[in-house]
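These figures come from a predicted structure and were not determined experimentally. Atoms considered below: every heavy atom in the structure, side chains included; atoms not considered: hydrogens, waters and symmetry mates.
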Amino acid sequence: MLYFEDFIQGRRFDYSPVRMRTDEMIAFASEFDPQPMHLDEEVGRSSILGGLAASGWHTSAVGMRMMIEAFLGDSSSQGSPGVDFMEWKKPVLAGDILSGFSLVLEARPSKTKPTIGLVKFRNEIENQSGETVAASECSVMFRRRNGEARS
């Protein structure tokens with residue numbers, strides 16, 4: 001179990017690879033982002049995206065799952081107060097294999113909740129060619145070990 005004290009500036013958590021499947025991309029887009037380039041391969045090919053492209057929201061959801069599997073699922077996470085920014089830098093196409101990492105940028109105790117610390121992360125998702133397809137920064141609240149404030 002990871003606690004606030006385990007998130008030292010510079011610590012990196014690598015993601016396991018995920019293959020983007022056509023059927024999953026279309027299912028996600030059908031429900032949450034039904035734009036033509038996310039639903040139809042021919043339309044995607046004729047667009048500036050160059051093929052059936054995952055919704056940016058789908059890419060972000062996959063990134064969230066990768067974070068859970070890399071470290072959040074075995075942590076004292078108490079959720080996030082929000083995302084500072086999110087960028088979709090390159091299209092994610094059917095068949096792409098995504099991986100990436102979360103990097104601890106800073107960690108500080110909460111000023112108002114002494115049993116909690118805030119950790120700011122830089123998250124990047126890359127395709128199989130090593131190109132960054134998405135990037136974000138966010139903070140996550142973690143319980144402090146033993147629930148005690150420490151200086």
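Under the 30°/60° scheme for interplanar angles, the aromatic rings of F142 and F7 are found to lie parallel.
Looking only at distances, a side-chain donor or acceptor of S80 sits under 3.5 Å from a matching main-chain atom of S139.
For the pairing with S55, the side chain to side chain contact (heavy atoms under 4.5 Å, CB included) check across V92, D33, L39 returns one residue only, D33.
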Enumerate, atom names and distances included, each donor-acceptor pair closer than 3.5 Å involving a side-chain atom of residues 97-109, sequence neighbours excluded.
unit_1, atom_1, unit_2, atom_2, d
S102, OG, Y15, OH, 2.6
S102, OG, N123, OD1, 2.6

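With rounding to the nearest 0.5 Å, the separation of OG1 in T115 from OH in Y3 is 12.0 Å. The CZ atom of R11 sits 14.0 Å away from the CD atom of Q9 when rounded to the nearest 0.5 Å. In this structure, K113 NZ and S110 OG are separated by 6.0 Å, a value rounded to the nearest 0.5 Å. Note: F121 CZ to D84 CG = 12.5 Å, rounded to the nearest 0.5 Å. Note that CD of E5 is 8.0 Å distant from CG of N146, once rounded to the nearest 0.5 Å. Remark: E69 CD to M64 CE distance equals 11.0 Å, nearest 0.5 Å.
For the pair S77 and F71, the minimum side-chain heavy-atom distance is 4.5 Å or more. The shortest distance between side-chain heavy atoms of P81 and L118 falls below 4.5 Å. Counting only heavy atoms from C-beta outward, the side chains of V83 and E137 never approach each other to under 4.5 Å. Looking at E131 and E126, their side chains never come closer than 4.5 Å, going by heavy atoms from C-beta outward. For the pair L52/D40, no side-chain contact is recorded, criterion being any heavy-atom separation below 4.5 Å from C-beta on. Between M20 and V62, some side-chain heavy-atom pair lies under the 4.5 Å cut-off.
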